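Please read these numbers as outputs of a predicted model, since none were measured by experiment. Labels below follow one simple rule: chain letters A, B, ... track the order of the sequence lines, proteins then strands, and each chain is numbered from 1.
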Number of protein chains: 2
Amino acid sequence: MPKKNAETAGKRPTIRDVAARAGVSVPTVSRVLAGNYPVAPATRSKVLRAMRDLDYVVNAHARALAGATTKTVAFVVDDVTGPFYAYIARGVEQQAASEGRLCLLCTTHGDPERELAVVELMREQHAEAVIVVGGAWDDEHYRERMRYFATALDRSGSRLVLCGRPSPGDDVPATVVHYDNEGGAYAMASHLLSAGHRRISYMGFGEGLTTTDERIRGFKRAHADHGVEVDEALILPGSFTKSSGHELTKKLLAERDDVTAVFAATDMVAAGVLKALREAGVRVPEDMSVVGFDDIPLASDLTPALTTVHVPHEQLGREAVRLALHRGPEVDDRVVLGTHIVVRETVAPPRRR
Amino acid sequence: MPKKNAETAGKRPTIRDVAARAGVSVPTVSRVLAGNYPVAPATRSKVLRAMRDLDYVVNAHARALAGATTKTVAFVVDDVTGPFYAYIARGVEQQAASEGRLCLLCTTHGDPERELAVVELMREQHAEAVIVVGGAWDDEHYRERMRYFATALDRSGSRLVLCGRPSPGDDVPATVVHYDNEGGAYAMASHLLSAGHRRISYMGFGEGLTTTDERIRGFKRAHADHGVEVDEALILPGSFTKSSGHELTKKLLAERDDVTAVFAATDMVAAGVLKALREAGVRVPEDMSVVGFDDIPLASDLTPALTTVHVPHEQLGREAVRLALHRGPEVDDRVVLGTHIVVRETVAPPRRR
DNA sequence: ATGAAAGCGCTAACAG
DNA sequence: CTGTTAGCGCTTTCAT
């Protein structure tokens, strides 16, 4: 039986079919495909015609197998629907596309099992980079795990990128693209302190969460620099949700009357805070100042518009793929992007008591 | 020179290395990998051990080349950051994961060039399904294009899925997962009409957009059924953005004083409407009723909470991959998911004038 | 139950 | 410039 031929069989045409139809050899077709090798213009157009006639498309898998690189980066998140993640995703996708890469999307729902499965999958796929996004619990177990992921991926020729997470250690073969949580929190707390606030509640403390740790550190450092003592009882544990902000605020209002400002751990929390305040008839910013963190679109849509810390989400995503793709002695492995406060309408000096 | 061996070279171990280490043949390893063929338990565990020892992972590309299916579905959107898309994405990703599939994410930014490029890419990748999401311009050109995409993908053995878009024609080899725009709009307009509203403005009319066409049709049919004439001057063209709703409302307020309700084309538009109303001191729902469409999370967060039409975003995404993956005579090719109104706080009977 | 042999579709040295 | 010769790592017949 002769070699399978797409013109007779009902299958996808292969490079061989194209070669046959154009009357050239297979490698020649491969060369016009790759474009990085001299081919006589006449031959070239014959081949192109044949490809068109046959409606030929290369087989990405065959190509990957034969050595050419895979051209895919993976993007691993807890959940795509968070506005926080969505914008990082956009940055990742944009940069990937502009570098001619495809983007694999994987979600873990915070499940360590799935996280591991995803990493294995990416090893199978030979993804060039695996970008893991979002805060984490900063304990030894986490670092151990990331160290394992990093080396496993490294062995498979791909690169782990930790985005918005702290480095698991300097010797770990991973790229880290982080943003300045502490600096942002410091600036924001200073903003409040400078306006005269002395009793500030931090809402949404998450024990052991890297995001929290870093933000709290900035919060406290600002207090120290302003010579203001931090009231630990005002650092309220909670999750990063609107309802958490809502509950916490109701409770705070019931228990204390000396607090003049709320530093919400995230914009989402701040949204809940504002809601509770509105329900309680507390005016913002006249009676109470409120600030958030993240600068998601919601922040500017709240009433009053939220003063918050801007995190460069999209840029974070873009840098993640850029750094992973262009590695080398010239390029940094660990990067921290700046944050800055965005002043809107939720901060005013405290009222005379 | 002997065959490359991972234990000596610094490369990824292959199935051959595993075979060697386990003292069996390559096909045997392949069999324990696939699991769908009898292998002696003893041999089996020897192989498993070898794989573990070598930290072996299959090469997805080699596997795809050799015949096993690709196990990837592609998800094509305009922009990941829209809450609308994000939830469909979540559905797609969830279902894909639960069916053991990987999910490719591609964005087009509404650029036809990129859209075409993406489809070609997916042909190269042998994606099992290519899910295209979001409204479209319902003209002959669109149908032509989708027809082309569908047949091109079909020839490559993959399936085009149109999600939240109308069918380009019955003979086209594509799966269509749509939702009931007209029914939702009909129900919502009826809700307003039943409450006594007679002058309702439809804000965010998009000429030739399928989404708009379908919603307007329901809007008009409800009016007809209630014996109320539609004032065409109240159907206001605009984009699906908050600022559009904001602008349109300011203008409407300045020009007309007989309108008692606004039907916003989307929740985003409704958010802008509410903002403009608040700025103008018009109370909702006492002075003006407002409704939206989509039921994105924002809807319940607005003040007052928005009465709107629920679209089953996640389910849309899940069905899209489910139907594409399990095709057959038993399974439907064209599916329309239901919508329903969600009554919250933005509708009341019109005030006596 | 296991091994030998033959590709899947492509790229990559080599020659000419 | 172009063709020849080898694989990439895996899955399948087909034997044994």
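Contacts classified as salt bridge (charged side-chain N to carboxylate O under 4.0 Å, His left out) and involving residues 58-79 of chain A (residues at least two apart or in different chains) are given here: A:Asp79-B:Arg90. Evaluation of the side chain to side chain donor-acceptor pair (under 3.5 Å) test over residues 24-34 of chain B, restricted to residues two or more places apart or in two chains, returns B:Ser25-B:Thr28. Each ring-ring contact (aromatic ring centres under 6.0 Å, His included) pair with one or both residues in residues 104-126 of chain A, not counting sequence neighbours, appears once here: A:His126-B:His61. A side chain to side chain donor-acceptor pair (under 3.5 Å) check over residues 37-52 of chain A, counting only residues at least two apart or in different chains, returns the pairs A:Arg49-A:Asp53.
Exactly one of A:Val92, A:Val73, A:Val321 qualifies for a side-chain contact (heavy atoms from CB on, under 4.5 Å) with A:Arg101. That residue is A:Val73.
Of the residues in residues 26-33 of chain B, B:Pro27, B:Thr28, B:Arg31 come within less than 4.0 Å of DNA chain C through at least one heavy atom, sorted by number.
Phosphate contact (OP1/OP2 of C:dC10, side-chain N/O of A:Arg16, threshold under 4.0 Å): absent. The side chain of A:Thr43 contributes an N or O atom lying less than 4.0 Å from OP1 or OP2 of D:dT2. Here B:Tyr37 does not reach the OP1 or OP2 of D:dT13: none of its side-chain N or O atoms lies under 4.0 Å away.
Residues that satisfy the salt bridge (Lys or Arg N to Asp or Glu O under 4.0 Å) test with A:Glu120, not counting sequence neighbours, are A:Arg123. Legend: residues meeting side chain to side chain contact (heavy atoms under 4.5 Å, CB included) with B:Thr151, ordered by chain and number and at least two apart, are B:Arg155, B:Pro173. Residues satisfying the side chain to side chain contact (heavy atoms under 4.5 Å, CB included) test with B:Leu65, not counting sequence neighbours, are A:Asn59, A:Ala62, A:Leu65.
In the helix from C:dA1-D:dT16 to C:dG16-D:dC1, the terminal helix axes, each the rotation mapping four pairs' C1' atoms onto the next four within five end pairs, subtend 30°, rounded to 10°.
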